[in-house]
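To start, the structure under review is shown below, and the notes come after it.
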Amino acid sequence: MWRPEDSSGCRGGAPSGTGALRSRAPRARTTRPSRGCLRRESRAGERREVFLRNDNLFSGACPRVPKIADVLRGALTGQDIELKGWIYRTRTIGGKAFVVLRDSSGVLQVAVSRESVPADQFEGAERALIESAATAKGTIVADKRAPGGYEMRAKEFHVVSFAEKFPIQQDLSEEFLLDVRHLWVRSQRMTSIFRVRHTVFGAVHEYFRGEGFFEVHPPMITPVGSEGGATLFNVEYFGKKAYLTQSWQLYAEALALSMEKVYYIGPSFRAEKSRTTRHLTEYWHCEMEEAWAGMDDVLKHAERVIEHAAHRAAEENPEDLKFLGRDPDLLVKVHTPFEHITYDEALRRLKAKGMEIEWGKDLRTLEERALTEGMGQPIIVSRYPRVSQAFYKRRDPANPELVLGFDVIAPDDVGEIVGGSERETDLEYLKQAIVEFGEDPAHYEWYLDTRRFGNVQHAGFGMGMERLIQWICKLDHIRDAIPFPRTPARFSP
RNA sequence: GCCGUCGUAGCUCAGUCUGGUAGAGCCCCCGGCUGUUAACCGGGUGGUCUGCGGUUCAAAUCCGCACGACGGCGCCA
């Protein structure tokens, strides 16, 4: 059985639906295989058969029915309605079958009485296994004895498709849940996250469009990378070597000189064997680039887009957030400007906490956690040492040892969610930097044209969408921020 | 790339230290129960103990090698 809460620490597992199965209420039939048949077949060692009622199924239009959430609000009490969903749990006692049905909005108990429905329908309600699809018609009543306070008294109950034994039970290991991810996506935990993810993506589009940015689309297949150190996935491109993109960085700069203010949300790929709770090999990257702008200009967009996404999630998905353990009030209180410190200041703060960092070293996970400890919203750290920063970041005119780059660092152990910078505009300096960083200048000739034709001050950043969602939903692991996570050890299902 | 933990029924685990007939709970199946709330009660099916090799009269258990998964660090978004 599904369990709404289990004590194993593995993600309290009540499923609450994903979306509509395109099904249609079947007509009443008098003959239908029962689970008794299934039992005899499985005992004979044959493959367990899944029965479908094929009359009118999956053909043409599918009539709309109310959602369970409306029933639970009390809006339909006393009415005769039809519901469609999946069986979450069944209990049978004497002549009554209590079938808990879930749809994408919630779960509701359907009381199926032997006297109230045809015999084959009662048998179906009694025998259908977890995650069988079913439709029910009946009267909605308020009843204290029912979980949630409401139930349907069924007049008709049709099993649309009998499920096989559902593999997800109580006591779930992380490993097993990843193996059956295609079924685990039906869980209440996953569907809650997906709804927030939906809101966050919408909010990011909303923000940039509202600020006059154009959505543009860089290629996924590229001849070169842009981030020194990051590893690229190889693609065999008609006998030539190509790569999956790890950043739209270079294309963004080209497009910013075309459309001035551009943004994009799409997948990025990193072939790094990073085994952490913050890394995916395939993740959704939001990137923006702006011409006639400096670091401080784009930094404002970074904090404001995060603020907007946090507020929208709190508005639209408060119940989901609570279910996930994130207090929506904390997100409501997110406000700009975020606290903004320099790398040098970060080092001073860390020293005060007893963490001595050598100047020039990047901030590690440990240090990022120390800097954001106890904070309710992200902070910004800027002006990093030039060493070990990507070649395209502009030197700080006030101190050539620094670059005009910044990170947005989130609390709750999520860490860096945004990395951005003002871009270097000096052509000769760039050529030299490319060589210095071990890259082949020949691969970057097209990019250098951006400095030869209409070169202007410009800046941009990249934001990890799953990291943002991880922070907003307070997730322990980034892989739950995306339906089918890709990590070094796993790319299936 | 480095470090650690684990692998026994469909699932979650005990059994391994101290070698001697493969165990429990859940799922599923059968029976009972006229309002269940993760229902409950009784009975039952279900095993390549990750793989290969070694030690031994005897290996889930001891030794070696391999594979797989998970966790942490580094790197990054």
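For the numbers below, each heavy atom of this structure counts, side chains included, while hydrogens, waters and symmetry mates do not. Order of the sequence lines sets the chain letters (A, B, ...), proteins ahead of strands, with each chain counted from 1.
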Between [N] and [M], how far is it from one [atom1] atom to the other, in whole Å?
{"N": "B/C28", "M": "B/G71", "atom1": "P", "answer": "29 Å"}
{"N": "B/C2", "M": "B/U45", "atom1": "P", "answer": "49 Å"}
{"N": "B/C41", "M": "B/C26", "atom1": "P", "answer": "8 Å"}
{"N": "B/U21", "M": "B/C3", "atom1": "P", "answer": "39 Å"}
{"N": "B/U50", "M": "B/U8", "atom1": "C1'", "answer": "10 Å"}
{"N": "B/G72", "M": "B/G31", "atom1": "P", "answer": "48 Å"}
{"N": "B/U5", "M": "B/C40", "atom1": "C1'", "answer": "39 Å"}
{"N": "B/U16", "M": "B/C29", "atom1": "C1'", "answer": "33 Å"}

Can you figure out which of [options] approaches the side chain of [X] most closely?
{"X": "A/D362", "options": "B/C76, B/C29, B/G72", "value": "B/C76"}
{"X": "A/R89", "options": "B/G1, B/A38, B/C29", "value": "B/A38"}
{"X": "A/E416", "options": "B/G35, B/A77, B/C28", "value": "B/A77"}
{"X": "A/E175", "options": "B/A69, B/G35, B/C29", "value": "B/A69"}
{"X": "A/R145", "options": "B/C73, B/U36, B/C76", "value": "B/U36"}

Give a yes or no on whether the backbone of [Y] and the side-chain of [X] come within a donor-acceptor separation of less than 3.5 Å.
{"X": "A/K300", "Y": "A/T336", "answer": "no"}
{"X": "A/S105", "Y": "A/I68", "answer": "yes"}
{"X": "A/D143", "Y": "A/R145", "answer": "yes"}
{"X": "A/R467", "Y": "A/I478", "answer": "no"}
{"X": "A/R490", "Y": "A/P485", "answer": "no"}

From [atom1] of [X] over to [atom2] of [N], roughly how many Å is that when rounded to an integer?
{"X": "A/R275", "N": "B/G1", "atom1": "CZ", "atom2": "P", "result": "13 Å"}
{"X": "A/I168", "N": "B/C27", "atom1": "CD1", "atom2": "P", "result": "16 Å"}
{"X": "A/F461", "N": "B/C76", "atom1": "CZ", "atom2": "C1'", "result": "17 Å"}
{"X": "A/Q389", "N": "B/A77", "atom1": "CD", "atom2": "C1'", "result": "13 Å"}
{"X": "A/D413", "N": "B/C76", "atom1": "CG", "atom2": "C1'", "result": "17 Å"}
{"X": "A/F176", "N": "B/G68", "atom1": "CZ", "atom2": "P", "result": "21 Å"}
{"X": "A/R127", "N": "B/C27", "atom1": "CZ", "atom2": "P", "result": "17 Å"}
{"X": "A/H477", "N": "B/G72", "atom1": "NE2", "atom2": "C1'", "result": "11 Å"}

Q. Under a 4.0 Å N-O cut-off, is there an ion pair linking A/R102 with A/E131?
A. yes
Identified pairing partner of [N], criterion: Watson-Crick or G-U wobble below 3.5 Å:
{"N": "B/G47", "result": "none"}
{"N": "B/U34", "result": "none"}
{"N": "B/G53", "result": "B/C63"}
{"N": "B/C70", "result": "B/G4"}
{"N": "B/U18", "result": "none"}

Using a heavy-atom cut-off of 4.0 Å across all strands, would you classify [X] as base, sugar-phosphate, or nothing?
{"X": "A/S268", "answer": "nothing"}
{"X": "A/Q109", "answer": "base"}
{"X": "A/E282", "answer": "nothing"}
{"X": "A/L468", "answer": "nothing"}
{"X": "A/I93", "answer": "base"}
{"X": "A/A146", "answer": "base"}
{"X": "A/V100", "answer": "nothing"}

**Q.** Non-hydrogen side-chain atoms of A/H285 and A/T245 separated by less than 4.5 Å
**A.** no
Ring centre gap for [X] and [Y] strictly below 6.0 Å:
{"X": "A/Y263", "Y": "A/H205", "value": "yes"}
{"X": "A/F391", "Y": "A/Y444", "value": "yes"}
{"X": "A/F338", "Y": "A/H340", "value": "no"}

Any donor-acceptor pair under 3.5 Å joining the side chain of [X] to the base of [N]?
{"X": "A/S274", "N": "B/C75", "value": "yes"}
{"X": "A/K273", "N": "B/G1", "value": "no"}
{"X": "A/R91", "N": "B/C33", "value": "no"}
{"X": "A/K165", "N": "B/C28", "value": "no"}

If the cut-off is 4.0 Å, is [X] near the phosphate of [N], judged by side-chain N/O to OP1 or OP2?
{"X": "A/T92", "N": "B/U36", "result": "no"}
{"X": "A/R479", "N": "B/G71", "result": "yes"}
{"X": "A/R278", "N": "B/G72", "result": "no"}

Q.
Tell me if the CZ atom of A/F491 is crowded by more than 12 foreign heavy atoms within 6.0 Å.
A. no
Q: Give a yes or no on whether A/K351 atom NZ has more than 12 heavy-atom contacts from other residues, nucleotides or ligands under 6.0 Å away.
A: no
Sort me out a list of protein N/O and nucleotides 5-9 of chain B N/O pairs below 3.5 Å, or just none if empty.
none

Q.
With the six-membered base ring of B/G35 as reference, does the ring of A/F98 sit under 5.5 Å away with planes under 30° apart?
A. no
Q. Any cation-pi pair here, A/R326 with A/W471, using under 6.0 Å and within 45°?
A. yes
Q: Look at the aromatic rings of A/Y207 and A/H308 and report parallel, tilted or perpendicular, splitting at 30° and 60°.
A: tilted
Q) Between residues 401-408 of chain A and RNA chain B, which residues have a heavy-atom gap below 4.0 Å? A) none
Q: Map A/I478 and A/R490 onto RNA chain B by nearest heavy atom, then report which one ends up closer to the 5' terminus.
A: A/R490
Q. More 5' along RNA chain B: A/H285 or A/A489, using each one's nearest nucleotide?
A. A/A489
